[in-house]
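For this chain, numbers begin at 1 and follow the sequence in order. Keep in mind that this is a model prediction, so the values were computed, not measured.
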Amino acid sequence: MFRFEYPVFDKGGNPVLDKDGKQVTKGRMLDFMGFQFHHDRTTIRKSNIEAARRKANHISKQDKISWYNASVMLSYMGLFKHTDTYNYYIDYIKPKINVKKLKRIVSKHSRKENEHDRLEKSDRNTAGQAGGGRQDIVAVNGLPA
């Protein structure tokens, strides 16, 4: 009837259950941008959930966590936050990582980057002249502008 996943009901309007007591569905779930949208839940694609687990294991073995690995793991945390995979997170991810520590690492790195950019883009008088932002004004006929 429909292409997307939907629950099956009998003629009385009651849901049809299989031998394990789970609701029978027809159609297929929508797999889009790393998520799998079912009729009653949203999960993460299997390849993404395995990659998140591998990254958590990798981070747990490191003495010093790089800002890149921390930012990748925080990105995966967004997937866990917005899907119905909390039990997987509790069992396999949370014992390996400290989210607060990862956030601190990424925050510290971005503050350093912002400070560097701010100094590069500042309108400083680097020629040793007086006056803050008047380097582009040129004297005409020997008279100062």
Side-chain angles (χ1 to χ4, degrees), residues 1-9 13-140 143-145:
M1 183 176 185
F2 299 109
R3 297 190 112 172
F4 301 121
E5 186 178 51
Y6 62 96
V8 177
F9 295 98
N14 299 320
V16 176
L17 305 176
D18 64 1
K19 61 183 177 183
D20 296 329
K22 293 183 179 180
Q23 189 174 17
V24 175
T25 60
K26 284 195 174 183
R28 57 184 172 192
M29 51 81 189
L30 177 64
D31 191 340
F32 179 68
M33 290 186 66
F35 295 102
Q36 293 178 335
F37 298 97
H38 300 267
H39 76 284
D40 60 345
R41 68 194 185 281
T42 302
T43 58
I44 304 172
R45 193 180 292 154
K46 186 177 180 182
S47 61
N48 290 348
I49 211 165
E50 288 174 351
R53 185 174 178 179
R54 282 193 301 270
K55 184 59 75 174
N57 288 334
H58 178 72
I59 288 174
S60 69
K61 294 174 185 175
Q62 289 181 333
D63 294 330
K64 184 177 180 183
I65 303 169
S66 69
W67 72 270
Y68 178 79
N69 283 337
S71 63
V72 169
M73 196 64 225
L74 288 175
S75 177
Y76 284 129
M77 292 306 301
L79 292 177
F80 286 108
K81 181 178 181 182
H82 295 289
T83 57
D84 302 315
T85 52
Y86 186 71
N87 289 336
Y88 187 90
Y89 165 73
I90 291 296
D91 292 341
Y92 298 105
I93 307 295
K94 191 173 181 181
K96 305 280 184 176
I97 63 166
N98 182 351
V99 176
K100 189 174 183 180
K101 186 177 178 183
L102 298 178
K103 286 182 178 181
R104 196 176 305 125
I105 291 168
V106 172
S107 175
K108 187 176 178 182
H109 179 266
S110 63
R111 275 198 313 267
K112 284 182 182 177
E113 286 292 315
N114 290 338
E115 179 69 20
H116 178 69
D117 290 344
R118 188 184 65 79
L119 289 175
E120 274 187 359
K121 294 178 182 178
S122 66
D123 186 24
R124 290 183 152 193
N125 184 6
T126 56
Q129 300 172 354
R134 299 182 53 166
Q135 293 90 353
D136 58 340
I137 299 176
V138 180
V140 180
L143 299 173

My understanding is that only residues two or more places apart in sequence, or in another chain, count here; which of them pass side-chain contact (heavy atoms from CB on, under 4.5 Å) with [X]?
X: S60; result: K96
X: K64; result: none
X: I90; result: Y86, K94
X: D40; result: H38

**Message:** Heavy-atom count check: over 12 atoms from other residues, nucleotides or ligands less than 6.0 Å from D20 CG?
**Reply:**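 Above 12, so yes.
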**Request:** Taking atom CZ of F37 as the centre, report whether more than 12 heavy atoms of other residues, nucleotides or ligands fall under 6.0 Å from it.
**Result:** yes
Can you give the donor-acceptor pairs under 3.5 Å from side chains of residues 73-85 to other protein atoms, not counting sequence neighbours?
from: T83; atom 1: OG1; to: L79; atom 2: O; distance (Å): 2.7
from: T83; atom 1: OG1; to: T85; atom 2: OG1; distance (Å): 2.8
from: D84; atom 1: OD2; to: T42; atom 2: N; distance (Å): 2.8

**Request:** Mind checking salt bridge (Lys or Arg N to Asp or Glu O under 4.0 Å) for R45 and listing every partner two or more places apart, or none if nothing turns up?
**Result:** D31
Residues forming a side chain to side chain donor-acceptor pair (under 3.5 Å) with [X], sequence neighbours excluded:
X: S107; answer: R111
X: R54; answer: none
X: H58; answer: Q62

**Asked** Of all residues at least two apart in sequence or in a different chain, which pass the ring-ring contact (aromatic ring centres under 6.0 Å, His included) check with Y68?
**Response** none
**Request:** Name all residues meeting the ring-ring contact (aromatic ring centres under 6.0 Å, His included) criterion together with H109; count only those two or more places apart in sequence or in a different chain, and write none if there are none.
**Result:**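 In terms of ring-ring contact (aromatic ring centres under 6.0 Å, His included), with neighbours along the sequence ignored, H109 is linked to W67.
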**Message:** Can you tell me how far apart CZ (R3) and CG (L30) are? Round to the nearest 0.5 Å.
**Reply:**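 Those atoms lie 11.5 Å apart.
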